Each structure stands twice: as structure tokens, then as C-alpha cells.
Amino acid sequence: MSENVSPTKKKPPINSSNNILNTNISYLKGVGPSKAEIFAKEYDIHTFGDLLHYFPFRIVDRSKVSTIDNFNSEEPYLVFRGRINDLRTITSGHSTRMEATFTDGTGTISLVWFQGLKWIKESLKAGSVYNVMGKPTLFGSSWQIVHPDLEVSSIYDERPAHAFLPIYRTTEKAKNRGLGTKAIARITSTLLQQVPYHLPETLPANIIQRYHLMERGNALHSIHYPSSQQEWQQALLREKFEELFYHQLDYQYSRIARRQHSVGRIFGLVGDHFHTFYNQHLPFPLTGAQKRVVKEIRSDMRSGRQMNRLLQGDVGSGKTLVALLTILIALDNDCQACLMAPTEILATQHFVNFQKYLANQNICVELLVGSLRPSQKKKIKQRLANGEIDILIGTHALIEPDVQFHRLGYVVIDEQHRFGVEQRSKLWGKSEIPPHILVMTATPIPRTLAMTLYADLDCSIIDELPPGRQPVVTLHGTDANRAQLFHFMRQEIAKGRQVYVVYPLINESETLDLKDLMDGYESISRSFPMPQYQLSIVHGQMPADAKAYEMDRFKRGETHIMVSTTVIEVGVDVPNATVMVIENAERFGLSQLHQLRGRVGRGGGQSYCILMTKNELSHTSQQRIKTMCDTTDGFAIAEADLRLRGPGDLQGLQQSGMLDLKVADLVDDEPLVCATRDEVHHLLDTDPDLLLPDNALLRQHIRNNNNHPHWEKIS
Ligand code: ADP
Ligand code: MG
């Protein structure tokens with residue numbers, strides 16, 4: 001996905017009564033050209049309307065003053081009233097800070113500043129009464145507030161109309177130039193005096209009624225200056241609803257449009273290839289989930305429109321077999337298919353499996369990877385263009401321009417997030433009629449995210465593991481447990497099992513990573529001496545054939561321990577390996593830990609994952625380790641990941657540009673995400689072209705926002 005696919009930045013329907021909202025911000029009393037410039041540069045606020053839509057992230061009840069001897073330290077934000085004394089500058093080492101003692105008659109608290117010291121020094125009046133606002137934190141045994149919001153108490157008294165003070169996000173630059181949250185609050189208060197309470201609606205009346213939403217004008221007033229906490233929540237709800245509703249409308253509408261316009265090959269036939277394999281060579285019965293997904297794909301393939309489907313399934317859920325079965329359908333319809341994997345190891349593994357599964361079935365499978373000799377590549381390309389090859393498996397090598405298919409009908413991409421949009425779109429340029437696309441990922445996407453991000457994509461989920469899988473027992477250890485760990489590894493090896501030991505790979509310094517790995521390898525070889533124990537080692541700086549050789553030895557059971565960096569992260573399948581030791585586990589993200597753990601527990605008996613960390617862990621690292629020890633459910637882990645890191649940070653989604661929600665929060669507002677999705681779904685179901693009078697506003701919105709995403713660019 002890339003920037004240009006974002007359909008966001010929606011504008012409310014244009015209406016003449018909105019004119020006041022289009023007025024340039026510099027015309028507002030108290031703003032002027034220099035503040036207007038800061039507004040524009042720092043906050044992207046240019047008009048009255050922009051400021052009106054710059055919502056506070058919190059409101060503070062100034063009528064509720066806490067006392068220092070008895071405040072609730074769980075509250076995110078508190079107001080105290082008292083005097084500031086004893087302002088002093090403290091220098092330690094290179095850093096300078098300022099501290100003041102604040103007292104309200106019941107006790108004292110320290111106020112601390114690290115920035116803007118000059119301004120504090122000049123403007124703070126020792127001895128004056130202030131409202132001091134912020135969250136007290138415990139420093140040693142005393143309470144302090146770092147960078148408190150301050151207000152001279154007399155200002156507060158002049159404005160009894162607003163018991164609640166809005167708190168806005170600010171930037172350091174704007175604060176230093178007089179546009180901090182207090183100044184913004186003052187300016188919005190001026191603005192609201194000019195904005196009518198009745199503004200043209202942006203949501204259909206029937207929706208406002210059914211969901212008991214606050215009307216637009218009222219909401220925009222109350223979200224800045226509510227008269228109660230409940231009123232603020234109501235206003236917030238209305239704004240969140242609107243944001244999510246339009247987001248869903250844009251995506252779902254585009255998806256329908258795409259369906260109507262896209263032409264795909266019709267795979268009407270399920271023929272010999274499929275049936276022969278299914279009836280005679282299927283290695284095990286499909287799980288219910290595998291069957292369901294194959295059906296979903298089949299019905300897409302004969303629909304006449306191009307399939308664009310995301311297949312999510314936890315590690316080990318059996319996605320490969322789904323790929324194989326549906327590839328056979330493409331072959332039954334006289335098309336070629338290709339399967340693209342992110343690494344040579346994986347592509348080779350798929351190739352070996354496919355050859356095994358498809359032996360004696362008169363199907364030609366070939367492997368195209370970078371390490372082949374040029375003459376081999378050339379030959380494969382020729383046979384591909386002739387149509388002699390039915391299934392081509394490979395890596396990035398598949399997307400090179402000189403790889404020409406005879407009749408490409410179906411593309412399967414394994415482990416989605418490794419490929420960029422550009423790379424994928426190159427693949428389907430290889431056929432006149434775009435091939436059907438299946439993107440398989442083992443990184444589950446939390447439900448809310450999937451709903452929001454992929455409202456345009458068809459999604460299949462394998463939510464069932466093949467029978468007989470025991471959950472992997474996950475334990476946390478530190479260096480103090482190393483002797484125990486080695487003892488345990490010996491026990492498992494004595495039972496005929498194999499062990500992975502994985503070191504993190506941190507891009508910053510490959511040399512250092514390699515050193516970690518080598519040190520670890522040496523220590524393991526001392527504790528597991530030859531010839532009793534055989535070790536493999538694999539890392540990113542080895543040539544591909546050396547890697548493949550070591551992987552093969554481990555796969556064939558010739559070595560007991562595989563010491564490696566994360567090259568084994570995705571897809572490698574060695575069912576006899578039952579122990580996964582992850583060194584420096586605190587340095588891995590949750591989804592990566594989950595992927596790694598998925599390498600064991602693949603049928604070879606009770607499996608274990610040991611997360612080795614240093615002793616002192618940050619709070620989030622602790623949470624990650626705990627999550628891993630508590631659950632093996634990929635979706636639960638993805639949700640935890642979303643909570644711990646925030647959606648903008650999820651692997652592969654950073655550049656998506658689709659997550660710029662302003663008010664709503666994907667985690668906290670999940671019920672609202674579902675409600676708006678269902679509402680829009682129902683609405684487009686009954687009125688796909690938005691022709692009903694009730695939906696006039698929505699039709700206008702779609703017309704005004706003609707910047708639909710380029711669907712052909714994403715899969
Ligand atoms: P992933 O979804 O992680 O790609 P794989 O396709 O590699 O999973 O399958 C994991 C393992 O489960 C493989 O060893 C595969 O042979 C096995 N497997 C797949 N489907 C089934 C099934 N229906 N019953 C039993 N084992 C299965
Ligand atoms: Mg796989």
C-alpha cells in the first residue's frame with residue numbers, strides 16, 4: 001500500500017452556510033498574521049473551520065480542584081490551586097532544569113521544567129495564586145509535576161461560563177511563540193461566539209436519529225466547551241461516528257465500484273487436476289477452515305471479476321495446501337499459476353513440497369530463484385513463455401521484466417508484508433487480463449484494523465489449526481537459568497528432538513549481530529560437543545547455497561541444534577523440531593516472536609518456546625514477554641501488539657497512510673468501528689448508488705471526493 005491509495009482527507013459537503021467556516025483564520029479576533037502563520041505551519045490550521053475541527057484531546061474540570069494532601073493519583077489530569085514559591089535553576093552535568101515549590105495549604109509538590117526555562121523565569125510570579133494542572137508523578141518519595149499547565153487564577157475567575165478547560169495538542173515551537181493550549185483555548189472560545197449552533201448537517205437525519213447522535217453544530221461547540229463530562233462524551237461520539245462512517249463509506253463504495261468494473265478470468269471448471277489430487281493424493285483431510293477458504297476462493301474465481309483476496313491464517317494453519325488446491329483450479333482452466341515467496345529458502349521449500357504432492361500427476365512445476373545459473377534461468381523463462389511450465393515458484397526473481405508467462409491466471413503471494421505494492425503490481429502486469437490474486441499472511445491483523453484498512457479487500461481467515469496440535473509451552477528465562485536450559489535441551493535431544501536457537505538481527509550493525517550469534521554459537525558448541533552433538537549455523541551473510549545446505553542437514557535430522565539469526569523466521573517447516581530458544585527476546589517485536597514460535601509445535605510432539613532476556617526489562621518488553629507466555633492465539637497477540645505499539649507502528653502498515661484517524665481510536669472504539677461498518681454495509685446494500693433522498697448528502701460526498709484510491713495498485 002502506498003500514500004496515494006488513501007481516500008481520507010474528506011471534506012464536508014460544500015454548502016453556503018459553511019462560508020463562515022471557510023474564512024481565513026487571520027480574520028479571527030486575537031489571531032493576526034503572525035499567529036496565523038504559526039497556526040498554518042505548526043497545526044495545519046488555515047480557516048475557521050480547521051480550528052473548529054481541531055479538537056481537544058481532553059477537557060479539565062476546573063471547578064474540581066484537588067488538594068495536595070488527598071488527590072487521586074490514578075487520574076490523568078488534576079487541577080490544584082495555590083502559590084508558587086522558591087523558583088530555582090538547577091544544573092547537573094550538561095542539563096539545566098528549573099524547579100519550584102508549589103503549595104496549596106495542605107501540602108507541597110515540586111514543579112519541574114526542562115524546556116522553555118527562559119519563558120518560565122520571566123513570566124512566573126512567585127507568590128501569585130495559580131491553577132496548576134497536570135499529572136503528579138512520584139519521584140523518589142515526593143510528588144512532582146513535570147511541565148505543568150499553569151493559569152493565573154484570576155483569569156479563571158473571570159470566566160465562570162466555562163467550567164471545563166479544553167486541552168489541545170501543541171508543538172514545542174508553537175508553545176514558545178505563544179500558541180500553547182491555553183492560547184488555543186482562548187482563541188476557540190472567541191471563534192465559538194461567531195459560529196452558529198445550527199450548522200448544516202453532514203450526516204443523514206435518519207442516522208442521527210437512530211443513533212441518538214448530537215447535531216453537528218452542537219457537537220462542534222460542545223467538543224471544545226462542554227457543560228459536563230457527559231456532554232463532551234456525546235460530542236466526541238458524534239465526531240468519531242462521523243469519521244468512521246465516512247471512512248467506511250469511502251472504502252466500501254470504492255470496493256463496490258471496483259467489483260463492478262474489474263474483469264477477471266472465469267474459472268468455471270473444477271477438473272481433473274483438482275479432483276485427482278483431492279481424491280488420490282491429499283496427504284490428510286482438510287480442516288473445516290481450509291475447506292471453507294477453498295470454497296470462498298473458488299466462488300471468486302468463477303465470478304467473472306478479478307479476485308483480490310487476503311488469506312490470514314496463523315503459522316502452521318495450513319495455508320500452503322489452500323494455495324496448492326486453488327492453483328490446481330487455475331490449471332484446470334488452462335492457465336498458469338505462480339507462487340511467490342520472500343526468501344529462497346521458503347521458495348525452495350514450497351517447490352520441494354509441490355513436487356512431492358504433485359508427483360506423477362502430469363503437472364510441470366519449476367523453481368526460479370536468483371541463485372540459479374544464467375543458463376538455467378534462461379531455459380526456465382523459455383519454457384514458461386511456451387506454456388510448458390504450469391506452476392512457477394520463486395522469489396523476487398519472478399517479477400523481473402523478462403519473465404513472461406504464456407497464460408498467467410493466478411498469483412499466490414506468501415507472507416504478504418515482505419513485498420511492496422510496486423513489486424506486486426508488476427506481477428499482474430504480466431497478463432492481459434489481470435490474474436486472480438491471493439495474498440497469504442501469517443501476521444494476523446487485528447479485527448478492527450482489518451475492518452478499517454481492508455474494508456476494500458476480500459478477506460479469508462483460517463481460524464483452525466490441523467488436529468492434534470498441542471499448544472507450545474512458553475517460558476521466560478534469564479542468564480541465571482542457562483544451566484537449566486542446556487540441561488533441558490539435552491533431554492529433548494536425547495528424545496530424538498531438534499532445537500532452534502535464534503538471535504535477533506538488528507539492522508543497525510550486521511557485524512555486531514554476527515558477533516552475538518558467533519559468541520552464542522561458541523558457547524553452545526562448548527556445552528554440546530561433537531561428535532555427540534551436531535550443530536548447524538545459518539545467518540544472513542552466508543551465501544545462499546551454504547544456507548540451503550545447512551538448512552537441509554537440519555531438516556534431514558542430521559544436526560541437533562540450529563543456531564541462526566531470524567532467517568528462519570518465516571515458513572520453514574521441520575516438524576521434528578520441538579524447542580525454540582529465542583535469545584535477547586526483549587529485542588523482538590510481538591509478531592516476530594509469534595512467527596518464531598510457530599516454527600515449533602508442528603506435529604512432532606509437545607513443544608517449547610524459551611524466551612531468554614536480560615534481567616531488567618522495560619514495561620513494554622515485560623508486557624510482550626507476558627503476552628507470549630500467556631497465549632498462543634495469533635489474533636490475541638495481534639490485538640496486544642496493537643495495544644502496546646499503536647496501529648501506526650504495526651509491521652507493514654507504517655506507510656499505509658490509511659490510519660490517519662483524527663478522533664476515533666481503533667482499539668478503544670472497536671464497537672463503533674463495527675457499528676459504522678455494518679451501517680454502511682446495510683446502506684449500500686439497499687441503496688448502492690445512493691439515490692434515496694435520505695442519502696443525498698452521502699451521494700454529494702462521494703461526488704465531491706473524486707479522489708478514489710488506485711485499486712489496481714493494491715492487492
Ligand atoms: P502455514 O499456514 O504456516 O504456511 P503450512 O502450510 O506450512 O502452514 O502447514 C503447516 C503444517 O501443517 C505442514 O506440515 C502441513 O503439512 C500440515 N498440514 C496442513 N494442513 C493440514 C491438515 N488439514 N491436517 C494435518 N496437517 C496439515
Ligand atoms: Mg507458510
Side-chain angles (χ1 to χ4, degrees), residues 277-279 281-297 309-328 338-359 391 393-395 412-419 438-445 459-472 498 500 551 554-557 566-578 580 591-605 607 609 632-635 637-638:
F277 177 76
Y278 193 85
N279 296 326
H281 302 278
L282 197 63
F284 19 62
L286 295 186
T287 62
Q290 283 171 321
K291 276 188 201 158
R292 173 169 45 77
V293 170
V294 170
K295 268 192 203 137
E296 284 166 4
I297 296 170
R309 194 168 271 280
L310 179 73
L311 172 56
Q312 294 188 63
D314 218 336
V315 267
S317 60
K319 295 184 291 294
T320 315
L321 209 50
V322 170
L324 176 62
L325 283 163
T326 50
I327 281 175
L328 294 178
C338 71
L339 170 59
M340 187 157 80
T343 64
E344 287 210 24
I345 292 181
L346 272 175
T348 309
Q349 181 178 291
H350 279 315
F351 175 64
V352 171
N353 282 335
F354 271 47
Q355 276 191 320
K356 191 176 73 192
Y357 287 141
L358 300 176
I391 304 172
I393 297 176
T395 52
V412 181
I413 301 173
D414 198 10
E415 306 298 351
Q416 172 221 19
H417 59 260
R418 302 276 166 132
F419 287 106
L438 182 72
V439 177
M440 307 197 294
T441 174
T443 309
I445 296 158
C459 243
S460 287
I461 295 179
I462 304 188
D463 48 7
E464 180 188 354
L465 292 180
R469 296 271 170 88
Q470 283 165 290
V472 177
Q498 289 163 284
Y500 290 106
M551 288 301 307
F554 187 67
K555 254 178 138 161
R556 286 197 300 263
T566 40
V567 284
I568 59 151
E569 181 189 341
V570 273
V572 172
D573 195 19
V574 182
N576 190 48
T578 54
M580 166 64 66
S591 74
Q592 226 183 348
L593 289 174
H594 181 61
Q595 290 283 324
L596 284 170
R597 181 168 59 184
R599 298 305 107 217
V600 295
R602 309 200 128 218
S607 294
C609 175
T632 53
D633 175 351
F635 281 89
I637 286 170

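We count ligands from 1, going down the list as the structure has it; atoms in each ligand are counted the same way. Treat the numbers as computed from the prediction; the structure is a model and nothing was measured.
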Residues passing the side chain to side chain contact (heavy atoms under 4.5 Å, CB included) test with K291, sequence neighbours excluded, are Y278, L286
#### Entry: Backbone or side-chain N or O of L321 under 3.5 Å from ligand 1 N or O
no
For Y357, the atoms of ligand 1 under 4.0 Å from one of its heavy atoms are 16 (O)
Close approach of G598 to ligand 1, heavy atoms, under 4.0 angstrom = no
Under 4.0 Å from one or more heavy atoms of T320, ligand 1 contributes atoms 4 (O), 5 (P), 6 (O), 7 (O)
Under 3.5 Å, is there a donor-acceptor pair between the side chain of Q498 and the main chain of F554? yes
Of Q290, R602, Q312, K319, the one whose closest heavy atom lies nearest atom 2 (O) of ligand 1 is K319
A student checking ligand 1 against P285 at a 4.0 Å heavy-atom cut-off should list atoms 22 (C), 23 (N), 24 (N)
Side chain to side chain, L465 and T287, heavy atoms closer than 4.5 Å
no
**Prompt:** Is Q290 reaching over with its side chain to a backbone N or O of G318, donor-acceptor style, under 3.5 angstrom?
**Reply:** yes
Atoms of ligand 1 under 4.0 Å from any heavy atom of R469, numbered from 1 in the order shown, are 10 (C), 11 (C), 12 (O), 17 (C)
For T287, the ligand 1 atoms with a heavy-atom partner under 4.0 Å come out as 23 (N)
A student checking ligand 1 against L286 at a 4.0 Å heavy-atom cut-off should list atoms 23 (N)
- Is there a heavy atom of G313 sitting under 4.0 angstrom from any atom of ligand 1? no
**OP:** Taking the side chain as every heavy atom from C-beta outward, state whether H350 and I391 have any atom pair closer than 4.5 Å.
**Re:** no
Taken in chain and number order and not counting sequence neighbours, the residues that satisfy side chain to side chain contact (heavy atoms under 4.5 Å, CB included) with T632 are P471, R597
P575 near ligand 1 by a heavy-atom separation under 4.0 Å: no
Original post:
Any donor and acceptor pair, going by atom type alone, linking the side chain of R599 with main-chain N or O of Y500 inside 3.5 Å?
Top reply: no
Contact region, Q595 to ligand 1, non-hydrogen atoms below 4.0 Å, reads neither
For P466 and G316, the nearest pair of non-hydrogen atoms, with its separation, is CD-O, 3.3 Å
